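Source: prediction; values computed, not measured. Naming convention: chains lettered A, B, ... in sequence-line order (proteins, then strands); numbering from 1 in each chain.
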2 protein chains.
Amino acid sequence: MSTPERLIESTRELLWERGYVGTSPKAILERSGAGQGSMYHHFKGKPDLALAAIRRTAQEMRATAEGVLSGPGTPYERVEAYLRRERDVLRGCPVGRLTMDPDVIADDALRAPVDETLDWLRARLAEIVEEGKERGEFASSLDGGEIAAAVVATVQGGYVLARASGSPTAFDAAVRGLLALLAPPEDRTR
Amino acid sequence: MSTPERLIESTRELLWERGYVGTSPKAILERSGAGQGSMYHHFKGKPDLALAAIRRTAQEMRATAEGVLSGPGTPYERVEAYLRRERDVLRGCPVGRLTMDPDVIADDALRAPVDETLDWLRARLAEIVEEGKERGEFASSLDGGEIAAAVVATVQGGYVLARASGSPTAFDAAVRGLLALLAPPEDRTR
DNA sequence: GTCTATAGGGGGATAGAC
DNA sequence: GTCTATCCCCCTATAGAC
């Protein structure tokens, strides 16, 4: 792997583990094996390198989600597949966690990829819910955008609950709870 | 206010704004107006002071939630009141945000109040949902603990969406989506 | 491209005077 | 209880040699 490549990958890992404020250039250098000079040759500084890392992580998350959401199955099944998708729950969401980073929120350039990714995800899920409404799978009274927001929020909040307790249990419970509420009425009494 | 008191209050504010990693003793001193010596006289160090601050914030959140949850109304109405409670959405949850702080998660003493608070909240909501099931307000097939987890997760995740976009809109959308799913069946076609 | 040297400021804490 | 002095290491970046 090239040096810029190794720098970006190491930064991605550290941002996921420790956030932006908790990640120092020195830590990135140690993890990547690159030298001080290399880093400042390829990137303008910490924000520049972080931006490259965040953009890549956001792109990756989007691709993963699209893989599940465009898969086979009814709308309900695709939403379920998204919610039940395998996750490293205790590590949290590498995109969502950045919203708790004051320096990311304060910098529009760093916040943009985070915003765009979560927004895209919501819009994509909203489409699917609307499709489910047309097929009679979801109540026509529901708002696709609102349900989509609830789905994304449940996942993001599930990470919070799991990390607080040190166990993925609460994440799974929240997902099951939401799926039970989403289940078509005829399945309700199962 | 006494000096220890001012130190704790300043620490609470900074932990909310910048998290544990992003909060330095120096910043606490500046905000509280206390001197270096005072701080290390009253507290063993940053973790000790943070623990006092986190405990108080956790206690306060619990009291606020209990105030709403033990209020008047049917179980659905009380859950709704909790979800719609006025919040400074863009500031995030002062307790939940700590789960994204690596140094908090790594320290059992600091994590404990966070865990206990969110766990208590879930249990309290679960009771209310079970009560609602008995009254026929919620489907008997639902699991109180799972619905409670979904409710708490939606709130915590709502903060993430709001902060990503820089607007409370997404938080409100997620809450409305969840409430629509929770609404008793006879209200579904409204 | 990568290395080492250098730099000013901050993080987190201790010591001892008052 | 509070103040100042002091400490060592880390943070982030620049400069210039190789």
Worksheet entry | Out of D:dG1, D:dT12, C:dT14, whichever nucleotide has its closest atom nearest the side chain of A:P25 | D:dT12
Worksheet item: Closest to the B:P47 side chain: D:dT2, C:dA13, D:dT14?
Response: C:dA13
Discussion item. Just the rounded figure in Å: distance from P of D:dG16 to NE2 of A:H41.
Written reply: 17 Å
Worksheet entry | Side-chain ion pair, A:R78 and A:E127, N-O less than 4.0 Å | no
Worksheet item: For B:T3 and D:dT2, is the shortest distance between a side-chain N/O and OP1 or OP2 below 4.0 Å?
Response: yes
Item to complete: Give one of base, sugar-phosphate or nothing for A:S2, where a contact means two heavy atoms less than 4.0 Å apart.
Response: nothing
Fill in: B:D48 CG - C:dG12 P separation (whole Å)
15 Å
Worksheet item: Hey, is the main chain of B:V160 close enough, under 3.5 Å, to the side chain of A:Q156 for a donor-acceptor pair?
Response: no
Worksheet item: Considering only side-chain heavy atoms of A:S38, which listed nucleotide, C:dA13, C:dT2, D:dT12, is closest?
Response: C:dT2
Worksheet entry | Nearest-Å distance for atom pair CZ/C1', residues A:F43 and C:dT2 | 15 Å
Discussion item. Whole angstroms only, please: what is the CD-P distance between A:E5 and C:dG1?
Written reply: 14 Å
Discussion item. Does atom CZ (B:R55) have a neighbourhood of more than 12 heavy atoms from anything else shown, all under 6.0 Å?
Written reply: no
Worksheet item: A:I28 CD1 to D:dC10 C1': how many Å, rounded?
Response: 14 Å
Item to complete: Could you tell me whether B:R18 sits above the aromatic face of A:Y20, with NZ or CZ closer than 6.0 angstrom to the six-membered ring centre and within 45 degrees of the axis?
Response: no
Worksheet item: Roughly, in whole Å, what's the span from CG in B:L14 to C1' in C:dG11?
Response: 14 Å
Worksheet item: Is it true that a side-chain atom of B:R62 and a backbone atom of B:T117 form a donor plus acceptor pair closer than 3.5 Å?
Response: no
Practice prompt. Figure out the CD/P separation between B:Q36 and C:dG10, and round it to whole Å.
Written response: 13 Å
Practice prompt. Compare side-chain N and O positions of A:S24 against OP1 and OP2 of D:dC11 and report whether any pair is under 4.0 Å apart.
Written response: yes
Worksheet entry | A:G37 vs A:T23, nearer the 5' end of DNA chain D by closest nucleotide | A:T23
Worksheet item: Starting at NZ of A:K26 and ending at P of C:dG10, how long is that distance when rounded to a whole Å?
Response: 19 Å
